[in-house]
Q: 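I'd like to ask some things about the structure below.
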Amino acid sequence: MNPASIAPTTHSGDRRYFPVVATYVLLVLNVFIFLLMTLSGGSQNVYVLLNFGASYGPFFRAGEYWRLVMPMFLHIGWEHLLTNMFALWLLGSFLEPLYGYGRFALLYVLSGMGGSLLSMEASPHIAAGASGAIFGVAGAMLVTGLLHPETVPRRWKNIFGIGILLVIVLNLVFGHFVRHIDNWAHLGGLITGLILAWILPPTRLTVSNDARSRVQPILILPVAIVVVAAAATANHSLKTRQVTRLVESASKLEAAGKSAQARALLGQARNLEPHDVRVREVLGLLCLQNRDYEGAIREFAAALRVNPYATSDAVSLATAYQGKNDWPKARDVLEVSMRRDPRNPAALELLAEVCSRLKLYAEAIQRYDEALSIAPNFAVAQNNLAWLYATCEDARYRNPAQALAHATRAVQLTQSREPGAIDTLAAALAINGKLDLAIQAEARAAALDPHNPVYQQNLIRYRVLAGK
């Protein structure tokens, strides 16, 4: 079907009413914001998306309510923008002449908000796009065709009602099977559009042609919603930039050994924007570096309350619990994180280490294997699994051949420059009865880190075992 041949035109008896003014304003607004995002660092940059108000459940629940509105004006890449703008132009050209620009704008904005709300409640991902609002328009076309068929021009009869239903179903099925499509936003927008069209009839039923050609007061509501959300987003973006400067200055002060001044700046940043998890993360890392495990637990727990999907913060929190030798707590934190992000190799490796400390050796081996299946070149996981196979106090889980294979790989990945990996290789060689090679490996580890007494002790032990 050629869209140009079916697009609505202004009738000669209604020349003063431009039928798709809201549709064109929305098109221009979407393109303008896309250009702003491109100039600010790119529409596919996660931080740019969040600063411009992309939907993200944890931040919305933390009080950033403008994320209900802004996602319908944001797009991730040119293809995403062009696809949605074509759909908006096509469907808006059919529906807006029936509803008038005021009611159409209200329906569009509220449908977009409905899509963002369901997306943020049901999906853990950052999302953006006008498709939720566009599904709302499609839903309104379905209701209009079924409840108010007399308002639909004869040449459009097969597009409204059941005609649009097939388009809706096909797009929902397509969205279900294609990754990176936010079908929750589609459903939320569709449901909102269906309800609004059921409540709010087309203006062709209730408003005369002359009235439709004048300013429609209902337009004030969607305009006010968008303006308030945009102002809140701009204010948030300004604060985010200020926080970024404070965090960068604090990092430089910390590198210069001025921890007290660094913490003072981070305190200012936290007061300026309490929901910015970067401040909590930097403070938590400072606490970890200074072995202030209670402080680290406090900061990373606060960061996770704002953004429970941040696996890196969960790993850091578990590390802080490790520092306190609170292994059960560390395991609890990591297991919760793994339910949200089951394929994060760093979290899997740390969970394996915690399980090993808790003497849950079978689970530890399983977790190490999972981490390495995702990231085969993860040197830490290779090394620690080798150590478990070589030194496990439960003989049932010792595996000399696997210990040597993983230890050798860890040394290769670290280019023989990491004394800890070479120490593990020495242990794997020793358990395989290759004591001369174990002595050579341990001597190499001791040479790389001559102040580590453990390597010296292990070197002596291997020499005694070899009778030297």
Side-chain angles (χ1 to χ4, degrees), residues 7-8 17-34 53-55 66-75 80-81 83-119 127-145 148 151 159-160 164 167-168 171 182 184-204 207 212 215-230 233:
Y17 175 56
F18 188 45
V20 290
V21 61
T23 299
Y24 287 139
V25 168
L26 289 167
L27 287 168
V28 170
L29 188 57
N30 275 275
V31 172
F32 175 70
I33 292 177
F34 183 85
S55 68
W66 59 87
R67 296 188 186 276
L68 273 177
V69 181
M70 295 309 297
M72 73 184 84
F73 300 106
L74 311 180
H75 291 86
H80 189 206
L81 174 72
T83 301
N84 278 347
M85 292 306 95
F86 175 75
L88 169 58
W89 171 77
L90 187 63
L91 299 187
S93 297
F94 290 122
L95 192 68
E96 187 180 339
L98 307 190
Y99 273 80
Y101 59 80
R103 291 188 185 186
F104 176 81
L106 180 64
L107 187 148
Y108 184 90
V109 169
L110 293 183
S111 294
M113 293 173 67
S116 295
L117 180 61
L118 187 57
S119 173
S131 53
I134 293 168
F135 264 82
V137 173
M141 290 176 66
L142 173 61
V143 171
T144 302
H148 310 293
T151 68
I159 300 170
F160 282 72
I164 195 69
V167 175
I168 293 171
N171 276 277
D182 186 6
W184 290 113
H186 295 174
L187 284 169
L190 175 63
I191 293 168
T192 307
L194 292 171
I195 294 171
L196 288 171
W198 179 65
I199 296 172
L200 196 65
T203 55
R204 291 183 67 146
V207 180
R212 290 206 305 274
V215 174
Q216 299 170 18
I218 199 171
L219 181 65
I220 295 171
L221 182 55
V223 169
I225 290 171
V226 173
V227 168
V228 169
T233 302

Q: Which pair of heavy atoms, one from Met72 and one from Val109, lies closest together, and at what distance?
A: CE-O, 3.2 Å

Q: Check whether the side chains of Thr144 and Tyr99 place a donor and an acceptor atom closer than 3.5 Å, and report yes or no.
A: yes

Q: Do Arg67 and Ser116 have side chains that get closer than 4.5 Å, going by heavy atoms?
A: no

Q: Could you tell me the separation between the OG1 atom of Thr192 and the CG atom of Leu107, rounded to the nearest 0.5 Å?
A: 9.0 Å

Q: Please round to the nearest 0.5 Å and tell me the distance separating atom CD1 of Ile164 and atom CG of Leu95.
A: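 These two atoms lie 9.5 Å from each other.
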
Q: I'd like to know whether CH2 of Trp66 has more than 12 heavy-atom contacts from other residues, nucleotides or ligands below 6.0 angstrom.
A: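 Counting neighbours around CH2 of Trp66, more than 12 heavy atoms of other residues, nucleotides or ligands fall under 6.0 Å, so yes.
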
Q: Are Met85 and His75 side-chain neighbours, meaning at least one heavy-atom pair lies under 4.5 Å?
A: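 Yes, their side chains come closer than 4.5 Å.
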
Q: State, with a plain yes or no, whether a side-chain heavy atom of Val20 is found less than 4.5 Å away from one of Pro97.
A: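 They are in side-chain contact.
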
Q: Heavy-atom distance under 4.5 Å between the side chains of Val21 and Phe104, does that happen here?
A: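 Val21 vs Phe104: side chains apart.
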
Q: What are the two closest non-hydrogen atoms of Ala127 and Ser119, and how far apart are they?
A: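 In terms of heavy atoms, the two residues are closest at CB-OG, 3.9 Å.
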
Q: Counting distance only, does the side-chain N/O of Thr83 pair as donor-acceptor with the main-chain N or O of His80 below 3.5 Å?
A: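 Not at all, since once roles are kept as given, no pair shorter than 3.5 Å links the two residues.
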
Q: Nearest 0.5 Å, what's the CE-CG distance between Met70 and Leu74?
A: 5.5 Å

Q: Main chain of Ala133, side chain of Ser111: is a donor-acceptor contact present, judged purely on distance under 3.5 Å?
A: no

Q: Could you measure the distance from the CE atom of Met141 to the CG atom of Leu91? Nearest 0.5 Å is fine.
A: 5.5 Å

Q: How long is the span from the CD atom in Gln216 to the OH atom in Tyr101, to the nearest 0.5 Å?
A: 4.5 Å

Q: Nearest 0.5 angstrom please: Trp89 CH2 to Tyr24 OH, how far?
A: 6.5 Å

Q: Is there a donor-acceptor pair under 3.5 Å between the side chain of Thr203 and the backbone N or O of Leu98?
A: yes

Q: With heavy-atom distances below 4.5 Å as the criterion, would you say the side chains of Ile225 and Leu110 are in contact?
A: yes

Q: Measure up the His186 and Phe135 rings against each other and bin them: parallel (under 30°), tilted (30 to 60°), perpendicular (over 60°).
A: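 The arrangement is parallel - the two ring planes meet at less than 30°.
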
Q: Over all heavy atoms of both residues, which pair between Pro202 and Thr151 is shortest? Give the atoms and the distance, please.
A: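 Smallest interatomic distance, heavy atoms only, reads CG-OG1, 3.9 Å.
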
Q: Can you name the closest pair of heavy atoms from Phe94 and Phe160 and give their distance?
A: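 That closest heavy-atom pairing would be O-CZ, 3.7 Å.
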
Q: Ignoring hydrogens, what is the shortest heavy-atom contact between Trp184 and Leu118? Give both atom names and the distance.
A: O-CD2, 3.4 Å

Q: Heavy atoms only: give me the nearest Ala130-Asn84 pair and the separation to one decimal.
A: N-ND2, 3.4 Å

